[in-house]
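To keep things clear, I will list the structure first and then write my remarks on it.
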Amino acid sequence: MGKFQKDLPKIVQEVLKDEKDETVKTLVKSLLHGVLTNQNKIDIYPQIKKTLDDSFEAIQKQNKILRGEI
Amino acid sequence: MTFKEITITNFLSYFEDNRIEFSPMTSIIIGQNNTGKSKFFDAVNFALYGRVYDTQKENWVETESEISGLILNKHKINEALKENLSEIKSRISLVIDDVSNQNILLEIERSYTYKLVNGVYRYSTKNVVLSEIDNFAKSTYPFFGNDAEERIKSYFPDSIKNFFLFQGEAASKIMQLQKGGNFRQAVKEIAKLKLFEDAKDYAGQYVNSVDRSIQIKTTKNEKAKAGQKKRLENLDSKKEEQKRLEKKKADADSNIANYSSIKENCENVLSELKEFENWFDQKKEIEERKKRVQREIDGMNKEKTLIAEEYVFYKVKDKITEFKEFYSRLEKKGEVPPSIPQAEIRKALDCCRCTICNADLSVGTDGRKFAESRLAKGDTDKLGEYLRKLNNTVGDFYEDVVKVPKRLGDLLERKRNSDTKKNNLIHEEETLTQQLNTINLEGEESEEKRKKISDAKKKLNEYATLLERAQRESSKAEGQLEMVKDEISKIEKDLRSLVIGDADVRPEDKDKLRYASKLRDVMEKLFEVANDAAYKQVEERANQYYKEMTEENAAIVGDIKIDLQTSEIYTVDEAGNKILNINQGNRISIQLAVIAGILTVAQEQFGIQYPFVTDAPSSHLGGDNKSSTIKSMVNAFEQAIIILKDDTSTKNQKNDEFREYIRESSEVEVAYELCLSESKTINDQYTVVKKIKG
């Protein structure tokens with residue numbers, strides 16, 4: 001699975017190449033990573049939700065820092 | 001995943017421990033018929049999936065009771081009884097290298113234990129253990145029973161088992177690969193489409209939960225809240241229903257694939273035995289015809305006798321008339337009973353008898369003796385009385401007798417026709433007898449074939465019904481699924497519009513919802529692209545391997561095509577038309593090419609590697625593409641373990657080529673030869689494993 005984590009498949013790169021918003025890219029990667037590492041497990045949505053919430057909050061925080069709001 | 005070694009112990013034809021080490025590239029196992037090639041394939045299947053191929057049932061068996069009755073080595077039983085061992089085991093140990101995590105080695109050990117009870121070894125318990133050996137940390141993590149089974153499945157999912165473990169000899173399994181359901185499942189698994197599908201679903205779920213949390217925060221109106229809650233509950237219940245219907249449809253599709261395969265298998269059996277069945281029907285028909293002819297001949301013979309009798313009857317008529325006139329003359333003259341010239345009476349006696357009145361006056365009979373004694377004594381009185389009686393009798397029959405000449409022509413004609421017809425029938429009977437002699441359908445083999453035909457017909461009917469039912473179920477589930485999806489879509493739309501219209505939503509929440517929606521859109525697109533790309537890449541790779549495999553055979557043309565809607569695999573000509581009437585060998589080439597395509601894509605795209613283990617793949621292939629297929633397999637698969645049938649007994653030239661290839665090829669690093677032990681009885685024979693290369 002290491003290869004996937006380091007270097008997302010061409011398909012993902014292809015779909016994301018026109019995506020300008022880094023937030024979306026990060027969320028996609030977080031989501032795929034979350035699903036991948038929890039494969040074959042049942043009821044992982046709470047975990048996935050937390051991963052996405054954390055990612056989103058981290059990005060928001062970073063953006064605020066960049067804008068000088070914090 | 002790379003297989004490192006397997007140890008087969010007292011399993012099927014393998015006696016005691018037999019250790020086989022594999023090359024990380026190509027290993028070849030070669031052996032003649034019944035030396036244990038397929039049993040080796042069974043050993044790999046048993047280790048990974050706990051299943052064994054039952055040759056009687058022509059299917060895989062997975063239950064404890066079925067497997068325990070099959071696997072214990074017979075020679076081991078005999079030896080253990082001699083030594084009075086209280087317990088014996090049938091066991092497989094398979095060591096696998098996890099190439100994606102170089103520190104980890106997996107060891108699967110699966111065994112069935114038998115205990116001696118009243119002089120018989122009875123099955124006692126089964127055991128399965130998966131050990132993950134971390135060479136770096138110098139520690140081992142064992143998993144037992146169901147945990148071990150689950151863990152093994154996470155490495156080798158069920159849906160790919162018929163692909164990387166390719167059973168070339170069993171036609172039914174080969175056919176199964178062409179059924180959409182299984183193929184779709186394998187591509188989904190191997191190209192990680194499930195990952196994208198799950199991710200897409202979670203993204204959708206995330207949008208809903210963000211929606212929900214915002215809704216809870218912003219909806220002030222209790223009534224609206226209740227309405228919202230109701231919608232969300234409804235959404236959850238619809239999603240549950242969707243899952244249930246998806247499972248129902250998947251089960252029905254899997255059944256369709258399975259039943260179609262069994263049905264096709266039955267059709268193949270019937271098609272293979274069609275010639276025999278025709279001969280058999282022909283034989284039955286000939287036998288019945290022969291009986292009819294015999295009956296006709298008997299009828300002819302009877303009729304001939306009747307005609308002959310009537311003919312004789314006619315012949316004597318003149319004599320009767322003559323006698324009657326003579327007797328009348330005597331009567332008129334008052335000379336009854338005068339001395340009648342003996343010659344006349346004798347003449348009359350000679351001809352006027354049995355056929356007229358049943359009075360038997362032939363030479364030597366009592367009637368004749370009586371008449372002659374009266375003649376000798378000159379006692380014509382009684383003779384006269386006798387003759388009078390005779391005359392009366394003649395009179396009674398006279399009317400009939402005169403009709404005879406009218407019929408005589410017909411009778412003679414009929415007699416001639418009968419003779420000709422009889423001759424023709426006799427000739428026909430001889431011809432039919434000769435034909436029957438050429439149809440040798442006697443013996444056990446014939447009985448077995450007839451039973452096979454009858455069984456196949458019965459099974460065909462049974463599975464045709466099951467197939468229809470499964471198709472109905474699938475179609476019904478599909479319809480219901482569409483409806484539920486529509487309902488879900490409506491509810492989601494409804495929910496979204498409710499949230500977007502709310503002015504009290506915080507900017508952070510609005511952002512979050514916007515990104516969650518965008519994430520869902522990207523994931524939907526990603527799944528769509530991944531789906532198309534996976535099939536396209538498999539198709540491209542498959543075509544590449546197909547060309548290589550068939551390059552030495554000019555008769556094989558066309559390109560492999562994978563229908564994205566149905567996942568059906570077929571070949572098309574230059575004009576894009578589907579090629580029909582593909583022979584068995586070519587079909588196997590197509591399937592091998594597709595499997596190579598799937599495994600290559602899995603490795604190239606995702607770094608997931610599966611070993612390719614195939615049992616006697618070349619047996620069904622035509623002579624021209626046998627060698628090229630083997631060579632292509634060696635090139636196509638990172639690790640290939642190829643089980644080959646040794647045809648030395650048939651002096652097959654291609655076999656010598658294989659042997660030479662095994663010796664000379666640098667790709668083939670390891671090779672083993674299987675043969676049978678020199679035991680006194682067949683029951684005591686077991687597989688002997690010899691390393692011939694590496």
Side-chain angles (χ1 to χ4, degrees), chain A, chain B residues 98-102 150-151 153-155 157 189 191-210 213 507-509 511-534 536-537 601 603-609:
Chain A
M1 306 301 167
K3 187 175 159 53
F4 190 87
Q5 287 174 40
K6 277 183 249 157
D7 178 21
L8 287 171
K10 284 177 194 162
I11 299 158
V12 182
Q13 291 171 13
E14 186 67 28
V15 172
L16 292 181
K17 79 173 180 206
D18 297 328
E19 181 59 61
K20 299 279 184 285
D21 195 335
E22 284 302 320
T23 307
V24 176
K25 284 185 184 179
T26 309
L27 287 174
V28 168
K29 285 177 192 173
S30 296
L31 175 59
L32 284 173
H33 183 240
V35 179
L36 191 65
T37 48
N38 288 293
Q39 255 189 329
N40 300 313
K41 288 182 192 160
I42 304 162
D43 197 20
I44 60 161
Y45 177 67
Q47 224 167 318
I48 297 288
K49 186 178 177 301
K50 190 174 181 310
T51 307
L52 291 172
D53 282 345
D54 290 350
S55 284
F56 186 72
E57 270 172 36
I59 296 163
Q60 296 273 54
K61 198 173 174 184
Q62 204 177 358
N63 287 343
K64 280 182 180 174
I65 292 168
L66 287 173
R67 288 198 298 266
E69 291 172 18
I70 296 175
Chain B
D98 183 353
V99 286
S100 64
N101 194 345
Q102 288 178 356
E150 287 298 317
R151 198 79 184 163
K153 275 183 187 151
S154 72
Y155 288 106
E189 189 72 56
K192 290 288 158 210
L193 291 181
K194 197 172 178 320
L195 166 77
F196 293 115
E197 194 176 26
D198 286 351
K200 173 185 72 108
D201 290 346
Y202 287 130
Q205 217 169 329
Y206 187 60
V207 174
N208 290 335
S209 59
V210 172
S213 69
E508 294 86 6
D509 286 340
D511 262 5
K512 198 173 180 180
L513 184 61
R514 189 163 57 84
Y515 278 116
S517 303
K518 208 159 182 192
L519 176 68
R520 182 195 55 207
D521 295 346
V522 171
M523 294 320 296
E524 275 174 1
K525 191 176 175 195
L526 196 52
F527 175 66
E528 201 178 300
V529 173
N531 201 46
D532 286 358
K536 206 175 152 199
Q537 282 179 29
V601 169
Q603 192 169 353
E604 284 175 353
Q605 275 291 326
F606 305 99
I608 306 162
Q609 183 202 316

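Scope of the values below: all heavy atoms of this structure, side chains included, with no hydrogens, waters or symmetry mates. Chain letters run A, B, ... following the sequence lines, proteins first, then strands; residues in each count from 1.
Expressed to the nearest 0.5 Å, how far CG of B:Leu519 lies from OG1 of A:Thr23 amounts to 11.0 Å. Of the inter-residue distances, the one linking A:Glu57 atom CD with B:Lys512 atom NZ reads 6.0 Å to the nearest 0.5 angstrom. Once rounded to the nearest 0.5 Å, the distance linking CG of B:Leu526 with CG of A:Leu32 reads 6.0 Å. In this structure, B:Lys518 NZ and A:Leu27 CG are separated by 11.0 Å, a value rounded to the nearest 0.5 Å. Rounding to the nearest 0.5 Å places OH of B:Tyr515 at 14.0 Å from CG of A:Leu52. The structure places CD1 of A:Ile48 at 11.5 Å from OG of B:Ser209, a figure rounded to the nearest 0.5 Å.
Under the side chain to side chain contact (heavy atoms under 4.5 Å, CB included) criterion, A:Asp54 pairs with A:Lys50, not counting sequence neighbours. Contacts of B:Ala516 classified as side chain to side chain contact (heavy atoms under 4.5 Å, CB included), with partners at least two apart in sequence or in another chain: B:Tyr206, B:Val207, B:Val210.
Using a 4.5 Å cut-off between heavy atoms, A:Tyr45 contacts chain B through both its backbone and its side chain. Both the backbone and the side chain of A:Asp53 come within contact range of chain B, judged by heavy atoms closer than 4.5 Å. In this structure, no portion of B:Asp201 lies under 4.5 Å from any heavy atom of chain A.
The shortest non-hydrogen separation linking B:Ala199 to A:Leu31 is O-CD2, 3.3 Å.
More than 12 heavy atoms of other residues, nucleotides or ligands sit less than 6.0 Å from atom CD of B:Glu508.
The shortest distance between side-chain heavy atoms of B:Phe196 and A:Val35 does not fall below 4.5 Å.
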